[in-house]
Student: 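Supplied in structure tokens, the structure appears directly below.
No experiment lies behind these values; they were computed from the predicted model shown.
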Amino acid sequence: MIPDQEPIPHDDVPPGWGPVRHDDDRIVYRRHEPQVELEVARTTADRSHPALGLGRCWELRFRHLVGEHPVTERIGRVSTRRAALDGLRESMERIHRRVEDPSDPVSVRSVLQQTPLAGNVPEFPEPDDR
């Protein structure tokens, strides 16, 4: 990727959203009013099923404020950067089209949980998760 080039073309980003950060391991887009951030970050695939043979994957996260405290919630994991960018773009679009009050994290989370992620990496439960 060319360092000055945005990871998602400007014309594909819904109104009110813009890039905040992008490098090899993390891409963040923010909706400014009210503030909501969506992030994809490369991470270890430590909780993926061993049969998948993945060492790294991309995690899609939703960041919002509860009062003055930032909260980060995981939406899902995907196997490739391309799938992460597609999931990020689709998540921004769904929030833009379907959430009446983006300041309500419950509404945003509900929409994000319904967003299909291509290349989804299912998590393998740890022994104490069962």
Side-chain angles (χ1 to χ4, degrees):
M1 168 171 51
I2 301 169
D4 294 334
Q5 182 180 3
E6 293 178 6
I8 300 174
H10 180 71
D11 292 344
D12 291 345
V13 176
W17 289 88
V20 175
R21 175 183 173 180
H22 68 280
D23 56 39
D24 290 341
D25 295 324
R26 178 165 295 160
I27 301 161
V28 180
Y29 275 76
R30 179 182 296 146
R31 185 180 193 285
H32 294 285
E33 291 297 324
Q35 185 174 324
V36 174
E37 283 187 0
L38 292 175
E39 167 186 61
V40 292
R42 195 164 67 162
T43 185
T44 62
D46 56 348
R47 294 193 62 184
S48 67
H49 194 285
L52 295 174
L54 294 175
R56 307 282 283 170
C57 63
W58 288 84
E59 187 171 86
L60 182 59
R61 302 172 184 151
F62 160 50
R63 187 174 301 121
H64 57 94
L65 295 174
V66 175
E68 295 181 13
H69 303 285
V71 175
T72 302
E73 300 181 39
R74 182 171 49 195
I75 299 165
R77 290 179 165 189
V78 295
S79 55
T80 66
R81 184 175 192 275
R82 178 77 261 153
L85 289 172
D86 289 346
L88 179 64
R89 187 198 54 75
E90 181 64 23
S91 296
M92 287 187 289
E93 187 63 40
R94 284 177 179 246
I95 291 170
H96 175 73
R97 285 184 289 144
R98 297 182 181 181
V99 177
E100 286 185 38
D101 181 9
S103 66
D104 176 15
V106 175
S107 297
V108 174
R109 183 183 317 111
S110 176
V111 166
L112 292 174
Q113 288 173 337
Q114 298 170 25
T115 303
L117 297 175
N120 187 42
V121 175
E123 286 192 24
F124 191 64
E126 292 183 10
D128 59 344
D129 285 352
R130 293 181 206 166

Student: Taking the side chain as C-beta and beyond, is there a heavy-atom pair between E37 and R21 under 4.5 Å?
Tutor: no
Student: Give, for atom CH2 of W17 and atom NE2 of H32, the distance between the pair rounded to the nearest 0.5 Å.
Tutor: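 It comes to 9.5 Å.
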Student: Tell me, do L112 and E73 make a side-chain contact under 4.5 Å, heavy atoms counted?
Tutor: no
Student: Grab the two heavy atoms, one from A84 and one from W58, that are nearest each other, plus how far apart they are.
Tutor: CB-CB, 3.6 Å
Student: Using a 4.5 Å cut-off on heavy atoms from C-beta on, say whether the side chain of Y29 contacts that of E6.
Tutor: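 Yes, at least one pair of side-chain atoms sits under 4.5 Å.
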Student: Nearest 0.5 Å, what's the CG-CZ distance between D24 and R42?
Tutor: 7.0 Å
Student: Show me, pair by pair, the donor-acceptor contacts under 3.5 angstrom made by side chains of residues 93-100, not counting sequence neighbours?
Tutor:
unit_1: E93; atom_1: OE2; unit_2: R97; atom_2: NE; d: 3.2
unit_1: R94; atom_1: NE; unit_2: E90; atom_2: OE2; d: 2.8

Student: For the atom pair OG1 (T72) and CD (E39), what is the distance rounded to the nearest 0.5 Å?
Tutor: 7.0 Å
Student: For the atom pair NE2 (H64) and NE2 (H69), what is the distance rounded to the nearest 0.5 Å?
Tutor: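 The distance works out to 13.0 Å.
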Student: Working to the nearest 0.5 angstrom, can you tell me the gap between R26 CZ and T43 OG1?
Tutor: 9.0 Å
Student: Indicate the atoms forming the closest heavy-atom contact of A83 with A118, along with that distance.
Tutor: CB-O, 3.2 Å
Student: How close do L88 and I8 get, heavy atom to heavy atom, and via which atoms?
Tutor: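 For L88 versus I8, the nearest heavy atoms are CD2-CD1, 3.9 Å.
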Student: When you compare the side chain of Q35 with that of R30, does any pair of heavy atoms fall below 4.5 Å?
Tutor: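 They are in side-chain contact.
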Student: What residue among V28, V108, I75 forms side-chain contact (heavy atoms from CB on, under 4.5 Å) with L38?
Tutor: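 Per the side-chain contact (heavy atoms from CB on, under 4.5 Å) rule, the option paired with L38 is I75, out of V28, V108, I75.
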Student: Please report the closest heavy-atom contact between L60 and S91, naming both atoms and the distance.
Tutor: CD2-OG, 3.6 Å
Student: Which heavy-atom pair separates R89 from D12 by the least distance, and what is that distance?
Tutor: CG-O, 3.6 Å
